[in-house]
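Accompanying notes for the structure given below.
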Amino acid sequence: MYMGTIITVKAYGKNADKAADKVFKRISELEEILTVNDTGSEIDDLNDMAGIVEVKLSSDSLYVLNKAKEYAELSEGAFDVTIGPLVKAWNIGTDNPRVPLKDEIDELLKLVDFRDLKIDNANHTAYLARRGQMVDLGGIAKGYAGDEAIKVLKENGIESALVNLGGNVVVLGSKPDGNLWTVGIQNPREAAGKYLGTISVRDKAVVSSGDYERYFMKDGVRYHHILDPRTGYPADSGLISTTIIADSAIDADALSTSVFVLGLENGMKLVESLDGVEAVFVTEDKKVYVTEGLKDIFIFYQEDSKDFTYVEER
Ligand code: AMP
Ligand code: MG
């Protein structure tokens, strides 16, 4: 268990076992830096010093924070890593989640604004402008870990590998037999490992966000872990899962969370505006949509996904 999830590394070729060990070492190192679950991580320092003073950061933290700001701007705030105070209030994915009072949510919402995250790249520091503000990298850190895993594998001479970080998949090269890697897209209303369909790729990251990953039910309502920074409540955009296919996992991770909040129409618009990025969207009325570039690559499993409809024409 690393980063709150199960991680598997399938690496092939000479040195594969040694390379995989190094991947796990690198991922646990990243976890120590980026987590907000342990005290003493760099990101904890950043949060503890909010409104007080800037903190010195490693190039790993700086890189992730810069990417986070880039996607906050690109998504016009749908993706916002200063969502921390609200993530903490809801506590979704822990043993004691709760529905905060509306007043509490409105109060905490005032603390959410990515513009208050000031990054000084020249001096390797960052600063949160106001007391009580908190960064939470849950929507992007696993993506970075995926990219770093591939980097470690390459440095160790591996040319064929698949890394799975709790359903966020990154593949290196093609399969050892030369065929493309086949990656399943989780059916958001079935058990883990039941797929809506598959895509076949090489050298890509395939990252999903969904209301099925972390959630709790109360009075028949599903409260999931992707919060809308405009409302402070779980995003209610009409989507139940989004998957992004991109060259890098950090981009795919930030984008999958972004488009989940943006919804089908705006999310589709955003993805179609980006080069080399494709997506699968699943709506709450159980329709499946893909971007133009996936039409020949996505294979829908109608047999296993009877109540879902694949909408090929828009
Ligand atoms: P993901 O599974 O990558 O979509 O990320 C979801 C996680 O990102 C949540 O568990 C929170 O830690 C964090 N998060 C929730 N809402 C947002 C948001 N609107 N922007 C950025 N991070 C978020
Ligand atoms: Mg994400």
Side-chain angles (χ1 to χ4, degrees), residues 3-6 31 34-37 41 43-44 47 64-65 67-94 97 100 105 108-109 111-117 133-147 164-170 186 188 192 205-216 223-237 239-246 248-263 266-267 270-271 277 279-282:
M3 299 194 142
T5 195
I6 294 164
E31 175 159 35
L34 302 174
T35 185
V36 285
N37 300 320
S41 76
I43 298 302
D44 267 315
N47 292 341
V64 177
L65 290 173
K67 276 282 183 186
K69 279 202 86 154
E70 182 186 324
Y71 282 98
E73 271 150 29
L74 196 65
S75 68
E76 296 178 353
F79 184 82
D80 192 329
V81 287
T82 66
I83 197 82
L86 279 158
V87 172
K88 212 172 146 197
W90 283 93
N91 232 355
I92 294 167
T94 72
I105 289 178
L108 293 174
L109 257 185
L111 296 170
V112 178
D113 189 346
F114 65 91
R115 294 169 202 87
D116 289 335
L117 170 62
Q133 289 192 305
M134 278 173 66
V135 158
D136 174 309
L137 298 178
I140 189 167
K142 267 192 265 170
Y144 182 58
D147 287 335
N164 187 339
L165 301 100
N168 292 1
V169 176
V170 202
Q186 174 65 38
V206 181
V207 176
S208 298
S209 291
D211 72 353
Y212 58 91
E213 290 180 326
R214 292 172 189 212
Y215 68 95
F216 71 105
Y223 295 98
H224 64 79
H225 68 140
I226 303 172
L227 305 176
D228 187 331
R230 291 163 300 195
T231 64
Y233 285 83
D236 187 17
S237 66
L239 294 172
I240 59 175
S241 97
T242 51
T243 299
I244 299 285
I245 299 96
S248 99
I250 192 168
D251 295 315
D253 195 359
L255 272 171
S256 73
T257 310
S258 302
V259 298
F260 189 95
V261 175
L262 286 171
N266 290 331
L270 174 58
V271 173
V277 181
V280 180
F281 296 84
V282 185

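Counting starts at 1 for both ligands and their atoms, in listed order. Side-chain atoms are counted along with the backbone in the values below, which use heavy atoms only and exclude waters and symmetry mates. Source: prediction; values computed, not measured.
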How long is the span from the [atom1] atom in [X] to the [atom2] atom in [Y], to the nearest 0.5 Å?
X: Ile105; Y: Trp90; atom1: CD1; atom2: CH2; value: 4.5 Å
X: Asp113; Y: Asp80; atom1: CG; atom2: CG; value: 6.5 Å
X: Ile226; Y: Ser256; atom1: CD1; atom2: OG; value: 7.0 Å
X: Leu227; Y: Ile92; atom1: CG; atom2: CD1; value: 6.0 Å
X: Thr242; Y: Leu255; atom1: OG1; atom2: CG; value: 9.5 Å
X: Glu76; Y: Arg230; atom1: CD; atom2: CZ; value: 9.5 Å

Proximal atoms of ligand 1 relative to [X] (non-hydrogen, under 4.0 Å):
X: Asp136; value: 11 (C), 12 (O), 13 (C)
X: Pro229; value: 19 (N)
X: Ala78; value: 18 (C), 19 (N), 20 (N)
X: Ser209; value: 1 (P), 3 (O), 4 (O)
X: Gly139; value: 3 (O), 5 (O), 7 (C), 8 (O), 13 (C)

Margin query: Main chain of Thr94, side chain of Asn91: is a donor-acceptor contact present, judged purely on distance under 3.5 Å?
Written below: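 Flag not set: sc Asn91 to bb Thr94 has no pair under 3.5 Å.
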Please list the nearest protein heavy atom to [atom] with its residue and the distance rounded to 0.1 Å.
atom: atom 20 (N) of ligand 1; value: Asp80 N, 2.9 Å
atom: atom 23 (C) of ligand 1; value: Ile83 CG2, 3.7 Å
atom: atom 1 (P) of ligand 1; value: Thr257 OG1, 3.2 Å

Check: So, are Asp251 and Lys67 salt-bridged, with charged N and O less than 4.0 Å apart?
Finding: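 Result for this pair is yes, salt bridge flagged.
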Next item on the list: Sort by chain and number the protein N/O/S atoms that are closer than 2.8 Å to the Mg ion (ligand 2), and list them.
Entry: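 Protein N, O or S atoms closer than 2.8 Å to the Mg ion (ligand 2): Gly139 O, Asp253 O, Asp253 OD1, Thr257 OG1.
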I'd like to check whether [X] has a polar contact with ligand 1, where a contact means an N/O of the residue lying under 3.5 Å from an N/O of the ligand.
X: Leu227; answer: yes
X: Val87; answer: no
X: Asp253; answer: yes
X: His225; answer: yes

Item checked: Min side-chain heavy-atom separation Leu117-Lys69 under 4.5 Å ->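 The answer is yes; the side chains approach within 4.5 Å.
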Note to self: For a 4.5 angstrom cut-off between non-hydrogen side-chain atoms, does Asp116 reach Thr82?
What the structure shows: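 They are not in side-chain contact.
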Next item on the list: Only counting residues at least two apart or in another chain, list the ones meeting side chain to side chain contact (heavy atoms under 4.5 Å, CB included) with Asp211.
Entry: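 Checked Asp211 against side chain to side chain contact (heavy atoms under 4.5 Å, CB included); matches are Arg189, Arg222, His224, Ile240, Phe260.
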Margin query: If we set the cut-off at 4.0 Å for heavy atoms, which region of Glu213 has an atom near ligand 1: side chain, backbone, both, or neither?
Written below: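 The part of Glu213 near ligand 1 is the side chain, not the backbone.
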Notebook entry, point to check: So Leu137 and Tyr144, side chain to side chain contact (heavy atoms under 4.5 Å, CB included) or not? Walk me through it.
Noted result: CA-CA 10 Å; Leu137 298 178; Tyr144 182 58; over 6 Å; no
